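One structure is given here, and the rest of the page talks about it.
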Amino acid sequence: MKKFFLATVLFTCVYFSANAQSTSTSNNSSTSDTYENAVGIKFYPGAITFKHFIADDKALEGLAYIGSDGIRITGLYEFYGDISGVSGLKWYAGPGAHVGFWSNSWTSKYPDRNSSAAIGVDGVLGLDYKINTLPIDLSLDWQPSFNFIGYNYFEGGWGGLGIRYTF
């Protein structure tokens, strides 16, 4: 599973890097403090992330958390605002939803949670920094969630540091 995860991340980065290099001479997006798309990883608990701006101040973000305990797919609708005085730094917040499927090892760790599936709602609050001279974006956020199908409970421990390649 880890090899598949790493191979997927590597393939995605190589593909988008080649695509971005072929178009970068026409739009010079790699040296801007804005971006349209970004792909990368998010640390804690560890996810593949893809972000696409649908407007200057709105983006869709998809996250796939893959681990030994299972998989969780999250979709977020994010609203962005500038932070004056720092080029490339923005705040963001928004709603989302998730679905997760957990392994037998996870259900044995949490016997009170009688389902190996979970569906719920998410929120996100964070900071996003696009490095002006590089095609790199950094984010730091908090992503609380509430599961309402599978087992009911609030989880405040999602979120973390994101590092993405922008194009």
Side-chain angles (χ1 to χ4, degrees), residues 2 5-6 8-21 23-24 26-100 118-148 153-167:
K2 288 181 183 179
F5 174 75
L6 292 173
T8 302
V9 171
L10 181 62
F11 173 78
T12 304
C13 291
V14 168
Y15 171 79
F16 287 118
S17 176
N19 187 32
Q21 287 176 2
T23 60
S24 66
S26 63
N27 64 16
N28 201 21
S29 65
S30 65
T31 60
S32 173
D33 64 357
T34 62
Y35 61 96
E36 185 177 352
N37 298 298
V39 64
I41 55 176
K42 191 173 189 179
F43 297 98
Y44 194 76
I48 298 171
T49 173
F50 178 78
K51 187 177 290 196
H52 172 71
F53 277 86
I54 56 175
D56 288 343
D57 61 347
K58 294 175 189 74
L60 299 174
E61 183 175 6
L63 300 145
Y65 302 94
I66 303 168
S68 61
D69 286 338
I71 183 170
R72 175 175 155 156
I73 306 296
T74 302
L76 299 168
Y77 186 82
E78 301 168 344
F79 299 93
Y80 281 74
D82 291 327
I83 296 178
S84 56
V86 182
S87 177
L89 183 62
K90 298 177 184 274
W91 63 266
Y92 63 97
H98 69 268
V99 60
I119 297 175
V121 294
D122 294 72
V124 67
L125 177 63
L127 296 172
D128 185 87
Y129 180 67
K130 166 62 178 76
I131 300 172
N132 189 23
T133 57
L134 297 172
I136 302 294
D137 169 66
L138 304 172
S139 66
L140 183 63
D141 62 30
W142 177 53
Q143 187 183 327
S145 63
F146 182 79
N147 291 313
F148 58 86
Y153 82 102
F154 173 78
E155 173 112 46
W158 294 87
L161 173 67
I163 301 172
R164 298 178 196 86
Y165 176 79
T166 62
F167 54 101

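What you see is a predicted model; the values in this text were computed from it and never measured. Computation of the quantities below employed the complete heavy-atom set of this structure, encompassing side-chain atoms and omitting hydrogens, waters and symmetry-equivalent molecules.
To the nearest 0.5 Å, the span separating CG on Asp57 from CZ on Phe79 amounts to 8.5 Å. Rounded to the nearest 0.5 Å, atoms CG (Leu89) and CD1 (Ile131) are 11.5 Å apart. In this structure, the separation between CD1 on Ile41 and CG on Leu161 is 8.5 Å, given to the nearest 0.5 Å. Atom CD1 of residue Ile66 and atom CD1 of residue Ile48 lie 4.5 Å apart, to the nearest 0.5 angstrom. Interatomic distance, Arg72 CZ to Trp158 CH2, rounded to the nearest 0.5 Å: 4.5 Å. We find the OG1-CG distance between Thr49 and Asp137 to be 9.0 Å, quoted to the nearest 0.5 Å.
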**Message:** I'd like to know whether Leu140 forms a side chain to side chain contact (heavy atoms under 4.5 Å, CB included) with Tyr129, so could you lay out the CA-CA distance, the side-chain angles of the two residues, the decisive distance to 0.1 Å, and finally the verdict.
**Reply:** CA-CA 9 Å; Leu140 183 63; Tyr129 180 67; over 6 Å; no

**Request:** Decide yes or no on side chain to side chain contact (heavy atoms under 4.5 Å, CB included) for Leu63 and His98, but give the supporting numbers first.
**Result:** CA-CA 9 Å; Leu63 300 145; His98 69 268; over 6 Å; no

**Message:** Apply side chain to side chain contact (heavy atoms under 4.5 Å, CB included) to residues Tyr77 and Leu60 and explain how you reach the verdict.
**Reply:** CA-CA 5 Å; Tyr77 186 82; Leu60 299 174; 3.3 Å; yes

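Shown here for Ala118 and Asn147, the closest heavy-atom pair between the two residues is CB-OD1, 3.8 Å. Closest approach of Gly88 and Asp33 over heavy atoms only: N-OD2, 3.4 Å. Taking every heavy atom of both residues into account, Asp122 and Ala97 meet most closely at OD1-C, 3.3 Å. Here the closest non-hydrogen pair linking Lys51 and Ala59 is CG-CB, 4.0 Å. Heavy atoms only, all atoms of each residue included: His52 and Asn37 are closest at ND1-OD1, 2.5 Å. Across every non-hydrogen atom of Tyr65 and Gly46, the tightest pair is CD2-O, 3.4 Å.
Classification of the Phe167-Tyr165 ring pair by plane angle, with boundaries at 30° and 60°, yields parallel.
Contact check on Glu61 versus Arg164 returns a salt bridge, with a Lys/Arg side-chain nitrogen under 4.0 Å from an Asp/Glu carboxylate oxygen.
A donor-acceptor contact shorter than 3.5 Å links the side chain of Thr166 to the backbone of Pro135. Side chain of Trp142 to backbone of Gly156: a donor-acceptor contact under 3.5 angstrom is found.
When ring centroids are compared, Phe154 and Phe146 stay outside the 6.0 Å threshold.
Looking at Leu138 and Ile163, their side chains come closer than 4.5 Å, going by heavy atoms from C-beta outward.
Residue Asp128 is tested with Tyr35, Tyr92, Trp91 for a side chain to side chain donor-acceptor pair (under 3.5 Å); the sole match is Tyr35.
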